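Side chains are part of it too, since the values below use all heavy atoms of this structure and drop only hydrogens, waters and symmetry mates. Every chain is numbered from 1 and lettered A, B, ... according to where its sequence line falls, protein lines coming before strand lines. Worth saying up front: this structure is predicted, and the values here are computed from it rather than measured.
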Amino acid sequence: MTLKAGDKFPEGVNFLYIAYTPEVADVKACGIPIPLDFDKEFGDKTVVIVSIPGAFTPTCTANHIPPFVEKFETLTSKGVDAVIVLSANDPFVQSAFGKVNGVTDESFIFATDPAAEFSKSVGLSLDLPPAFGTRTARYAIIVSKGVVKYIEKDANGVVGSGVDAVLAAL
Amino acid sequence: MASTISLLCARNTIRAPTARPRCRMFHASGASKVVAGDKVPTVPLYGSSPGDEVDLAALTKRGKSILVFVPGAFSPGCSARHVPGYVSLAPIFTSKKGVSGIYIISGNDTFVMNAWGKELGASNQVKYLADPSLKFISALGLDFDATKFFGNKRSKRAAVLVEDGTVTKTWIEPDNTGISISEAKNVIEEL
């Protein structure tokens, strides 16, 4: 990866997401995807980005994301303003994944890194053809006021990108 | 231009110099839209996992099958109306219209398709298949640029009737994503 702790977070990063509202609470209902302008929304905040290769895949669903959901309050009490779960899946799939994980907080966002563009630009993408394609790797980044405080990528399993490692770094 | 074409088609023109070059010209837009008479592509789809290759051409070689194409799992029309229509009418498709299989196909990966199928109701009669690289979908000319909402190309919404391995009828939504002619309750009337 080309990004490391101490670097400035790249400018102009845009994700896509569907904002949670009670109307679209049912997994089968859906909102409309809108851009998430990272600089504008989080330029002066502390954000944890958790990236997963695929929504609804074994590890991500069973081991990686639920602990972040369980410990969301602990994260916010340590100064985290928002958690963004990122993957290359489209916003409809990400939104459904959030609902299935029981997330209703508007600061816990399930977003899309379209075509894994941002992840690729910092050396954090995975090529898994033919049935999976280019994906975002499993990683976690803490960005505070535009500066990378923590960045860890996991090649196997959930270690540096897990909630406990992130909490320890806060 | 003409010289390039003759160079590309050299082999064919040598064989039949007076006939039109038999080679296909490269179409930037991909295959033309599926019509009655076409065969089901032999391009693999994926079923229960990324390693589970499904040969739909083989599965649909005998009997009547309905292929339902959707732009995306968990997206508005697909989840609320289009696929549920097929799930609830599946028993009628089977018992009254002799359909042996209904296959829901989209450009999502297998994990997403399986999770979606669980939410909507998979069964012996309704199977969810993934075409993540869109090879199968574009072989039938059903792909369109859905970058704005999906980030890539996706399938138009459509229903295709296959009988003994050959396409016999198609219902392709004219605006790609609307739900009208390809809705289950319309298709079942026309079988």
Within a reach of under 6.0 Å around [atom1] of [X], are more than 12 heavy atoms found that belong to other residues, nucleotides or ligands?
X        : atom1 : answer
B/Lys169 : NZ    : yes
B/Lys64  : NZ    : yes
A/Asn156 : CG    : no
B/Lys96  : NZ    : no

Most contacts with chain A, counted as non-hydrogen pairs under 4.5 angstrom, among B/Pro132, B/Ala130, B/Ser49, B/Pro44:
B/Pro132
May I ask you to decide if the ring planes of B/Phe74 and A/Phe56 are parallel, tilted or perpendicular, using 30° and 60° as cut-offs?
parallel
Less than 4.5 Å apart, any side-chain heavy atom of [X] and any of [Y]?
X        : Y        : result
A/Leu16  : B/Phe149 : no
A/Arg135 : B/Asp109 : yes
B/Phe150 : A/Pro33  : no

Give a yes or no on whether B/Leu161 and B/Val87 share a hydrophobic cluster (residues Ile, Leu, Val, Met, Phe, Trp, Tyr; joining criterion: side-chain heavy atoms under 4.5 Å apart).
yes
With a 4.5 Å cut-off on side-chain heavy-atom distances among I, L, V, M, F, W and Y, is there a chain of contacts connecting A/Phe92 to A/Phe97?
yes
Identify which part of B/Lys135 has an atom lying under 4.5 Å from any heavy atom of chain A, answering side chain, backbone, both or neither.
neither
Please classify the contact of B/Asn108 with chain A as side chain, backbone, both or neither, using a heavy-atom distance under 4.5 Å.
side chain
